[in-house]
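I have placed the structure first, in the form of structure tokens, so that the comments after it can refer back to it.
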Amino acid sequence: MNPTHSYATGGAIGTLLKLIVLIGVLTAGVAFWRWNAFANAPLHPSQARLDIDSGDSFRNVLAKLRRAGISEGLDIEWQALAMQMRVQSRLQAGEYAIAPDTTPTQLLRQFADGRVLQYRFTLVEGWNMREVRAALANAPQMKHQLTDLDDAALMAALGRSAVRPEGRFLPDTYNYTRSSSDVALLKRAAKAMDTALADAWKSREKNLPLKGAEQALILASIVEKETGRADERARIAGAFVRRLKLGMLLQTDPTVIYGMGSSYDGNIRKRDLLTDTPYNTYTRAGLPPTPIAMPGRDALRAATHPQPGDALYFVARGDGSHEFTSNLADHLRAVEKYQLHRNRPSPDATPQQ
């Protein structure tokens, strides 16, 4: 055996092994560089939204990504990234928005965190239940259940049987996700109103002529319909509270309008004021039996914190504000000044006697 030859052979093998190792390192380095570049490179989808259904595997989600126009990255790179981020078993169902320049890492984290697309729905102060139903019927991506429920069935579904829905939902903006139901949204709004009303009643002024929080809700709904001006709510509430204490009729047109229902055509006539309904505060003393609209937090506060003073009357000036007076003579002069040039006082012009 030739020692020199053996040494040469061993050296060649060693060099070959080093070359193989170097190639492996370089290959791994290139693969890591490519994978890292993929994981943090912006995507360019042709669709802005993606739906993940309950039970979807990562393979299903990846197929949906491809259908959404995401061509970046090999499937094995997506799978390796999902494995590295440990998101394969944490994918949450829902509708996702793919923002411009989102990276694969950001997108997978979004799926795992359940940061689904949010829609917004606003319940507006002063809406009645008919308006609430109409607005919800047009809310996008919402599961519409109200069409199959009358008011009694709706309140039963909310666990509030024998309660009228009018005024029971707090005006606010609510977020919801795809396929959330209108009933579920109203359930949240009803709980929010419970809290807001309880807070307002707990902090109420002393000696209010109200028998409980329910009457505060009714008064707040009238205040809400009488004015949209923040600086007048407490003044109007004060006038009504003083009338209640004196046993005077409230004589507020919004309650009459509510009692007229669908027969209201935009005008109140003398016969309407004389037609007795449970909501006609020209013919019946005290508050009506239920709220007439949804009062917001400010109206609830006004009803439970009415402004002190001596005003018993107010009439609309025509610019959104009101003229407040403390006696009938001054009130009639205000009516002559602001209202007699019209066919009929606006729904805000109350009281008249």
Side-chain angles (χ1 to χ4, degrees), residues 48-54 92-99 110-111 113-161 163-203 213-214 216-225 227-230 233 258 290-304:
R49 298 180 184 178
L50 183 84
D51 292 334
I52 295 181
D53 297 317
S54 179
Q92 298 193 41
E95 181 184 20
Y96 292 88
I98 308 176
Q110 186 177 338
F111 295 163
D113 292 344
R115 285 184 273 121
V116 297
L117 187 61
Q118 297 279 331
Y119 295 88
R120 294 163 66 85
F121 180 82
T122 300
L123 289 171
V124 178
E125 290 93 341
W127 272 359
N128 60 35
M129 198 57 203
R130 291 191 303 275
E131 292 167 312
V132 171
R133 283 179 172 274
L136 283 170
N138 292 317
Q141 301 298 325
M142 181 177 282
K143 184 177 181 180
H144 299 292
Q145 298 177 327
L146 281 178
T147 53
D148 298 324
L149 301 173
D150 61 16
D151 285 353
L154 166 63
M155 298 310 284
L158 298 180
R160 299 163 187 258
S161 297
V163 177
R164 292 279 299 276
E166 202 68 80
R168 304 294 169 175
F169 309 105
L170 185 70
D172 206 342
T173 296
Y174 297 87
N175 291 332
Y176 67 94
T177 60
R178 184 197 63 175
S179 298
S180 294
S181 73
D182 43 18
V183 173
L185 188 145
L186 289 181
K187 186 173 185 178
R188 292 160 53 200
K191 289 182 178 179
M193 177 60 85
D194 290 344
T195 300
L197 178 59
D199 290 344
W201 183 247
K202 184 178 180 179
S203 66
E214 177 71 14
L217 181 64
I218 295 171
L219 177 58
S221 74
I222 299 172
V223 171
E224 190 69 76
K225 295 299 290 184
T227 183
R229 290 179 60 119
R233 289 191 182 97
Y258 185 80
T290 72
I292 62 171
M294 295 187 305
R297 290 184 176 88
D298 290 341
L300 290 171
R301 178 167 179 79
T304 52

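Please read all numbers here as calculations on a predicted model, not as lab measurements. Just so it is clear, the values below take in all heavy atoms, side chains as well, and ignore hydrogens, waters and symmetry mates.
Looking only at side-chain heavy atoms (C-beta outward), Arg233 and Glu224 come within less than 4.5 Å of each other. By the 4.5 Å heavy-atom criterion applied to side chains, Met193 and Leu300 are counted as neighbours. Under the 4.5 Å side-chain criterion, counting only non-hydrogen atoms from C-beta, Leu186 is in contact with Val132.
By the side-chain hydrogen bond (donor to acceptor under 3.5 Å, both in side chains) test, Thr173 is found to be paired with Thr122, residues two or more places apart in sequence or in another chain being considered.
A side chain to side chain contact (heavy atoms under 4.5 Å, CB included) with Arg168 is found for exactly one of Thr290, Leu158, Leu217, namely Leu217.
When all heavy atoms are compared, the tightest approach of Gly114 to Tyr96 is CA-OH, 3.5 Å. Of all heavy-atom pairs spanning Phe169 and Met155, the tightest one is CZ-SD, 4.2 Å. Residues Pro291 and Ser221 share a closest heavy-atom pair of CA-OG, 3.4 Å. Nearest heavy-atom pair across Tyr174 and Ala192 is OH-CB, 3.8 Å. Taking every heavy atom of both residues into account, Ala216 and Ala303 meet most closely at O-CB, 3.7 Å. Nearest approach of Ala302 to Val223, heavy atoms of both residues: CB-CG1, 4.4 Å.
Sorted by first and then second residue, the side chain to side chain donor-acceptor pair (under 3.5 Å) pairs with a member in residues 178-193 read Asp51-Arg178, Gln145-Ser181, Thr177-Ser180; sequence neighbours excluded. Residue pairs satisfying the side chain to side chain donor-acceptor pair (under 3.5 Å) criterion with at least one member in residues 123-142, sequence neighbours excluded, are listed as follows: Arg133-Asp151.
Salt bridge Arg297/Asp172: present, at least one basic N to carboxylate O contact under 4.0 Å.
Interatomic distance, CG of Asp194 versus CG of Asp199, reported as 10.5 Å (0.5 Å rounding). Atom CG of Leu123 sits about 8.0 Å away from atom CG of Leu170, to the nearest 0.5 Å. Here the straight-line distance linking atom CG of Leu50 with atom CG of Leu117 works out to 11.5 Å at 0.5 Å rounding.
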If you apply the rule side-chain contact (heavy atoms from CB on, under 4.5 Å), what do you find for Met142 with Leu136, and how did you get there?
CA-CA 8 Å; Met142 181 177 282; Leu136 283 170; 3.9 Å; yes
Step by step, would you call Tyr258 with Glu166 a side-chain contact (heavy atoms from CB on, under 4.5 Å)?
CA-CA 11 Å; Tyr258 185 80; Glu166 202 68 80; 2.7 Å; yes
